[in-house]
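To find a chain, count down the sequence lines: A is the first, B the second, and so on, and within it residues start at 1.
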Amino acid sequence: MVVSDPSENPDEADQTSGSGLAAEKARRLARIQELRDRGDEPYPYRFDRSHTLGEIRLAWGALEPGTETETEVAVAGRIMLKRDTGKLVFATLQDRSDQIQLFISKAVTGDDHFADVKELDLGDWVGVHGTVMTTRKGELSIKASTVQLLSKAVRPLPDKWHGLTDTDTRFRQRYADLIVNERARRNFEIRHAVVSSFRRTLHAKGFIEVETPVLHLEAGGAHARPFVTHHNALDMDLYLRIALELHHKRLIVGGMERVFEIGRIFRNEGISTRHNPEFTMMELYQAFGDWNDVMDITEELVTQAARDALGTTAITIRGEQFDLAEPWPRKRMVDYVSEAVGREVHPSQPIDELRSLATEHGVRYEDRWGGGKLVEELFEALCEGNIVRPTFVTGHPTEISPLARVDRDDPWLTERFEIFVDSRELGNGYSELNDPVEQRARFEDEQAAKDAGDAEAGSVDEDYLRALEYGMPPTGGLGIGMDRVAMLLAGVDSIKEVILFPTLRPEPEIS
RNA sequence: GCGCCUCUAGCUCAAUGGUUAGAGCAGUGGGCUUUUAACCCAUUGGUUCAGGGUUCGAGUCCCUGGGGGCGCACCA
């Protein structure tokens, strides 16, 4: 550890007057030195607490005003507010669970200790021994006998009332955002509740949680541009995964029957209110099931997550109330498009008809696109934006679904669905294609598209085909964007509100 | 990548192109033993994102660059 002598840094040492940031830091650093000079440690190693603040409120929240108890407690947290009335100091202590007032009286603590309390700054961490009481006005408080500094904050907190509002600062300094913005803390509690709820639901259904490689030889399982990295010892490029799918289905071949993973995936694409380059995907695969089974599981997962995170299945989207517990509509993509254009649309139609339909509705297309791709583009342009309530859009054209099984009733379509909520895609699932011969043909189509210049197209994954050749049972598979579910339940419009440290450009200079 | 908006004290915000850029909070000094964003008195603190330009005069207008936001494009 390097300890610098403050005298070597006159910029910081000689600015204890004034009140700029540098002066404020210098003043607090001087206080630290003062404590050490007299033998006190401003950064002690540990503190034993008897209760969290939430536990205190739960147990004593109903005390009558003006009650003094004999109950000795030890609590710890950060000083958020201080109200100094002379010989009596009120402070607001915050821990993860709650905020509770400290009642610190000079007559109780003694003169010397009280002087130290006066020296505490907003932002300091303290451990407090005292008794539970309520004030005359009924505020639940800890009457402190000792207030021990646990960690001295050198940098001042943001505005005590307004908190942090500048989004740039909030996302860059998430630590400060979490300290002062209750809303930010709540969003991440919801996210946690969603993730743990998914795990509980899936464990109860007999799914095994697996961990599969992040570094891939081929970035398969989705259409997206990958990040490339390099392994020095093997001297080869590797791709960060863009999906979990292909490894999971290898495990189904291996006989694991029910697997899931909640993992980070990476897509080298634009950043927006709905996209972060790294995000969290839950994928699951269930042997002997098909798309209907995984649609049912989807409803159950999200509905249960709402119960666990919010205590209700009622949610509001764009001012409209919906109950997640009601069955979600299931409707074919071709039916959406047919409805939007006023006549029957299907990828089997002559390509010229579909192209003129695209032109008619202002949808630009490329000549290499087939009818299936055109139908999807029409759906995205004309229908996607109108879907508000949770909905399964089903029957994606085979052309755009290289890993999905063809619909048992329609060879142009697949047994595939996407979940849409508030115009956003929440997830995707299908009856898995398990015929190795057909899978090879689909891969070869992908490879042809890639060779023709489609940067997001896949290629032939020979190892995956070898796995299929051993035989994959009929399987239903599902992928859900966990960040999007968290957004839905937290009621926020930006994915950055549910990702602790979203991807940002580097800061020019930190002061 | 394109368009629009935005950036002022540690934080939250003011400031018709016109004195020396202000206020609240935080900080500092003083007062106060039941406060609740405590209060009262006094007070410190600025590279107005950066660099150019127009002007007698620029936080304000223009240009270039940077950060961020929103929209579009991209995005299974």
Side-chain angles (χ1 to χ4, degrees), chain A residues 15-28 65-66 80-92 99 101-108 114 121-123 133-141 143 154-173 176 180 221-225 242-243 245 267-277 279 333 364 373 376-377 379-380 384 393 396-397 400-404 414 416-420 424-430 455-458 479 481 493-494 496 502 504-509 511:
Chain A
Q15 295 188 357
T16 44
S17 64
S19 72
L21 177 60
E24 177 64 11
K25 285 162 70 173
R27 189 185 65 73
R28 296 189 186 204
M80 297 303 291
L81 294 170
K82 249 173 89 183
R83 295 175 289 279
D84 183 345
T85 71
K87 298 185 182 63
L88 186 61
V89 170
F90 298 92
T92 302
Q99 291 190 336
Q101 175 168 274
L102 303 178
F103 179 103
I104 311 163
S105 164
K106 189 174 187 176
V108 175
F114 194 72
D121 287 298
L122 301 189
M133 61 166 281
T134 52
T135 62
R136 288 174 199 164
K137 296 226 174 107
E139 181 77 27
L140 181 63
S141 307
K143 186 175 192 174
V154 171
R155 188 178 283 262
L157 290 180
D159 191 285
K160 70 181 183 185
W161 181 242
H162 302 94
L164 269 181
T165 61
D166 182 65
T167 49
D168 183 22
T169 313
R170 286 187 49 231
F171 298 148
R172 283 190 196 283
Q173 301 185 38
V180 298
H223 275 173
R225 302 175 66 163
I242 58 171
E245 176 157 359
R267 296 187 181 176
N268 203 340
E269 282 156 1
I271 295 176
S272 77
T273 49
R274 291 171 280 282
H275 300 88
N276 197 64
F279 61 103
M333 182 181 280
R364 282 175 306 160
K373 177 72 175 163
E376 186 201 29
E377 292 287 326
F379 169 78
E380 285 180 7
E384 189 181 291
V393 177
H396 296 56
I400 57 161
S401 310
L403 300 163
T414 57
R416 176 179 171 192
F417 62 89
E418 285 182 309
I419 310 125
F420 281 91
R424 287 194 282 260
E425 188 202 336
L426 211 67
N428 179 27
Y430 31 87
E456 284 140 17
D493 292 323
S494 171
K496 292 187 175 71
L504 298 169
R505 284 193 172 83
E507 225 173 328
E509 193 187 340
S511 62

Report the residues that fulfil salt bridge (Lys or Arg N to Asp or Glu O under 4.0 Å) with [X], sequence neighbours left out, ordered by chain and then residue number.
X: A:R267; answer: none
X: A:K373; answer: A:E376, A:E377
X: A:R274; answer: none

Side chain to side chain contact (heavy atoms under 4.5 Å, CB included) with A:Q101: which residues, sequence neighbours excluded?
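A:Q101 satisfies side chain to side chain contact (heavy atoms under 4.5 Å, CB included) with A:R83, A:F90, A:T135, A:E139, A:S141 only.
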Pairing residues for A:T165 by the side chain to side chain contact (heavy atoms under 4.5 Å, CB included) criterion, not counting sequence neighbours
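Listed in chain order: nothing, the list is empty.
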Select base, sugar-phosphate, or nothing to describe what [X] touches, counting heavy atoms under 4.0 Å on all strands.
X: A:G479; answer: nothing
X: A:L157; answer: nothing
X: A:A243; answer: nothing
X: A:P502; answer: nothing

Just jot down the side chain to side chain donor-acceptor pair (under 3.5 Å) partners of A:R505, sequence neighbours excluded, or say none.
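Once residues adjacent in sequence are excluded, A:R505 has no partner under the side chain to side chain donor-acceptor pair (under 3.5 Å) criterion.
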Considering every strand shown, what is the Watson-Crick or G-U wobble mate of B:rU20 when both distances are under 3.5 Å?
none
Could you go over nucleotides 68-71 of chain B and give all protein N or O partners under 3.5 Å, atom names and distances?
residue: B:rG68; atom: OP1; partner: A:R505; partner atom: N; Å: 3.1
residue: B:rG68; atom: OP2; partner: A:R505; partner atom: NH1; Å: 2.9
residue: B:rG68; atom: O2'; partner: A:T167; partner atom: OG1; Å: 3.2
residue: B:rG69; atom: OP1; partner: A:K496; partner atom: NZ; Å: 3.4

Can you list every pair that meets salt bridge (Lys or Arg N to Asp or Glu O under 4.0 Å) and has a residue in residues 155-168 of chain A, with sequence neighbours left out?
A:D168-A:R172
Under 3.5 Å, which protein N or O atoms sit close to an N or O of nucleotides 47-49 of chain B? Give each pair with its distance.
none

Measure the CD1-CG distance between A:I104 and A:L88 for me, rounded to the nearest 0.5 Å.
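If we round to the nearest 0.5 Å, A:I104:CD1 and A:L88:CG are 8.5 Å apart.
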Look at the side chain of A:H162 and the base of B:rC11, then say whether one donor and one acceptor between them are separated by less than 3.5 Å.
no
